[in-house]
Amino acid sequence: MAKEITPRQQDYAQWYQDLVLRAGLADYSAVRGCMVIKPYGFAIWERMRDALDAMFKATGHQNAYFPLFIPKSFFSKEAAHVDGFAKECAVVTHYRLRTGSDGQIEVDPQAKLEEELIVRPTSETIIWNSYRDWIQSYRDLPLLINQWANVVRWEMRTRLFLRTTEFLWQEGHTAHATADEALVETRQMLDIYAHFAEKWMAMPVIKGIKTEQERFAGAVETFCIEALMQDGKALQAGTSHFLGQNFAKAFDVQFANAQGEREYVWATSWGVSTRLMGALIMAHSDDEGLVLPPVLAPVQVVIVPIYKGSDSIPVLTEACQQIAEECKALGLRVELDTEDHARPGWKFAHHELRGVPIRIALGLRDLQNGEVELARRDLRTKTQTTRDGLGLHCKNLLDEIQEEMYNKALAFRTAQTHRVDTKEEFVQKLEQGGLVLAHWDGTGATETAIKEATKATIRCIPLDAPDEEGTCVWTGKPSARRVVFAKAY
RNA sequence: CGGGGUGUAGCGCAGUCCGGUUAGCGUACACGUCUGGGGGGCGUGUGGUCGGAGGUUCGAAUCCUCUCACCCCGACCA
């Protein structure tokens, strides 16, 4: 087990990388840009997945699975969509290997595919090709489907969890009879993402609309949730798209309405990915390691006995087991660390690295006094706590930690959010990092100019942005409301 | 795709400039022992195609040529 993590202040990117590797969340693999998600990291992802999945089901969605491979011709059917993804697609051209004359394995040139297959970067096309057959009448609508899958986008530059060539995600694809209904769906899923981010991940997000430049390829409107990381950079944590009738027209998906007239259906798609893992890490963790919100932590309470001589082992182990049982009975996820080969100090550091919210240490002295030492990961505080009612105390404390982690993150964001009205201040605040609320004249040209000059982009036009007359911070032209600028991941 | 960096034990590194016994150090691992309230001490031990190929040489981790891989930074993106 490696010891040191690079401090955040010294090198934030290195800190992130150290943390992911040393906390055992993920590892590099033999394939460039592709990561191995290790058991502990996957346990966190599973908890995210299960929570989201339950919310999707509760709102009437069903899971299904569509192929990994997409015929190349499908891509060309929606022009904007092709443009958006063409540059990062992996393509399957052959289906067989053979042993060459030099004894080496090589691609069999005889086994060339008639039509090449694209490894899905997203599944709109293959799914809408099926929807054409599934939808005939308004009675078939709405069609509410989600899939959990892997996708591949051949990125130039990758970072563990934040951007990898292959990643895991869910993608919802729905079809509706009216534009209004599809828009309601788009907004509903955005709300679910925001709710998940705030209540499960303890990470405040801004709900907003993307500008035309930042919009999903093929969407009419892209909604998003944006979060602020500790280094002052923004991170898009989830997107929900209103696709209009773009894919219905591209794949000729029509339905008969109640009057017997044929209409194109209206579509949405929405997704979050393993990128959320990166967001979770960068929202809360510190120089000692991960800090996990209790509802997502695979282990919520870890119990460490402090042995003193071999005689103490059975008695302390038993006392710890009782605490573990008490916690389990209350539905807490608890781990009893009775490994004899590691010393307490090592265990403390180890569980802190992994972000376990509560640590209970119990030695002979505590046993005599009817106490335990209880440590909070988020604040790194230790308090002597009475043994009586310890399970319930932990349960309540976990709720408190969840709440306080959110409040802390919110306070950080508030402190790092600046309203600016002059160009000088705008540039200066963007340089410092954080979110900048400023007026924008609404043109792509200005957006591009700002990006080139400052490297910051418009993260979103917040849904709750009040109407406020002003002038564009860059051009001085009139503006109706403020938008969120930031440097982003 | 440009710029930079790194490949030597599971991990982190030294040695390379200036070629020379059996390639070291830390950590991890195994065993023993003393231990145990913040990443333990002592002892013993296991573990290496020095990224790969070719060349120079009496002799290559070290020099030369080619090559592969990965990481970081930038442009593109979730």
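To find a chain, count down the sequence lines: A is the first, B the second, and so on, and within it residues start at 1. All values reported here derive from a predicted model rather than from experimental measurement.
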Is [X] reaching over with its side chain to a backbone N or O of [Y], donor-acceptor style, under 3.5 angstrom?
X: A:Arg215; Y: A:Thr222; value: no
X: A:Thr164; Y: A:Glu166; value: yes
X: A:Lys429; Y: A:Gly434; value: no
X: A:Asp287; Y: A:Arg8; value: yes

Atom [atom1] of [X] and atom [atom2] of [N]: how far apart are they, to the nearest Å?
X: A:Trp346; N: B:rG38; atom1: CH2; atom2: P; result: 16 Å
X: A:Met35; N: B:rC71; atom1: CE; atom2: P; result: 12 Å
X: A:Glu166; N: B:rC77; atom1: CD; atom2: P; result: 22 Å
X: A:Tyr16; N: B:rC71; atom1: OH; atom2: P; result: 14 Å
X: A:Met282; N: B:rA78; atom1: CE; atom2: C1'; result: 12 Å
X: A:Asn369; N: B:rG37; atom1: CG; atom2: C1'; result: 13 Å
X: A:Leu160; N: B:rA78; atom1: CG; atom2: P; result: 20 Å
X: A:Gln14; N: B:rG12; atom1: CD; atom2: P; result: 11 Å

What nucleotide, of [options], holds the atom closest to the side chain of [X]?
X: A:Lys455; options: B:rA75, B:rC72, B:rG39; value: B:rA75
X: A:Arg163; options: B:rG39, B:rC77, B:rA78; value: B:rC77
X: A:Ala349; options: B:rG36, B:rC77, B:rG38; value: B:rG38
X: A:Ser273; options: B:rC76, B:rG36, B:rA78; value: B:rA78
X: A:His350; options: B:rG37, B:rG39, B:rC77; value: B:rG39
X: A:Arg275; options: B:rA78, B:rG38, B:rC76; value: B:rA78

What integer number of Å spans the [atom1] atoms of [N] and [M]?
N: B:rU62; M: B:rU57; atom1: C1'; result: 13 Å
N: B:rG48; M: B:rC29; atom1: C1'; result: 16 Å
N: B:rU56; M: B:rC64; atom1: P; result: 15 Å
N: B:rG10; M: B:rG47; atom1: P; result: 12 Å
N: B:rA69; M: B:rG32; atom1: P; result: 45 Å
N: B:rA28; M: B:rC13; atom1: C1'; result: 14 Å
N: B:rU46; M: B:rC66; atom1: P; result: 41 Å
N: B:rC42; M: B:rC58; atom1: P; result: 48 Å

Next on the checklist: Working note: A:Asp378 + A:Lys408, criterion side chain to side chain contact (heavy atoms under 4.5 Å, CB included); need CA distance, chi angles, decisive distance, verdict.
Outcome noted: CA-CA 10 Å; A:Asp378 60 328; A:Lys408 185 180 174 187; over 6 Å; no
Item to check | A:Asp191/A:Lys207 under salt bridge (charged side-chain N to carboxylate O under 4.0 Å, His left out): CA gap, chis, key distance, verdict | outcome: CA-CA 8 Å; A:Asp191 287 344; A:Lys207 289 189 281 190; 2.8 Å; yes
Remember a base hit wins even if backbone is also touched, and classify [X] as base, sugar-phosphate or nothing at under 4.0 Å, heavy atoms.
X: A:Gly309; value: base
X: A:Ala237; value: nothing
X: A:Leu162; value: base
X: A:Arg159; value: nothing
X: A:Glu373; value: base
X: A:Thr457; value: nothing
X: A:Gln236; value: sugar-phosphate
X: A:Lys210; value: nothing

Next on the checklist: Please give me every residue in residues 311-326 of chain A whose heavy atoms get under 4.0 Å of an atom in RNA chain B, ordered by residue number.
Outcome noted: none
Checklist entry - Going by number, which of residues 336-345 of chain A have a non-hydrogen atom under 4.0 Å from RNA chain B? => result A:Asp340, A:Arg343, A:Pro344, A:Gly345
Next on the checklist: Heavy-atom nearest nucleotide on RNA chain B for A:Thr165 versus A:Lys347: which residue maps closer to 5'?
Outcome noted: A:Lys347
I want to check a possible cation-pi pair here: [X] against [Y], using under 6.0 Å from ring centre and within 45° of the ring axis as the test.
X: A:Arg359; Y: A:Phe348; result: yes
X: A:Arg354; Y: A:Tyr40; result: yes
X: A:Lys77; Y: A:Phe74; result: yes

Next on the checklist: Parallel, tilted or perpendicular, judged at 30° and 60°: which one describes the rings of A:Trp45 and A:Trp148?
Outcome noted: perpendicular
Checklist entry - Do the ring planes of A:Phe242 and A:Trp266 sit parallel (below 30°), tilted (30 to 60°) or perpendicular (above 60°)? => result parallel
Checklist entry - Within a strict 4.5 Å, meaning less than it, do heavy atoms of the A:Met203 and A:Tyr406 side chains meet? => result no
Checklist outcome for this item: Pairs under 3.5 Å (Watson-Crick or G-U), crossing ones as [ ], inter-strand ones as |: RNA chain B comes out as ((((((((.[[[[.)....(...]]]].((((((.....)))))).....[[[[[..)....]]]]])))))))....
Next on the checklist: Would the base of B:rG38 count as contacting A:Lys382 through its side chain, where contact means a donor and an acceptor less than 3.5 Å apart?
Outcome noted: yes
Next on the checklist: A quick test of your reading: do over 12 heavy atoms of other residues, nucleotides or ligands sit less than 6.0 Å from CD of A:Glu431?
Outcome noted: no
Checklist entry - B:rG7 phosphate, OP1 or OP2: any side-chain N/O from A:Tyr28 under 4.0 angstrom? => result no
Checklist entry - Are A:His81 and A:Phe247 close enough that their ring centers fall under 6.0 Å? => result yes
Next on the checklist: I want to know whether A:Trp270 and A:His173 have ring centres closer than 6.0 Å.
Outcome noted: no
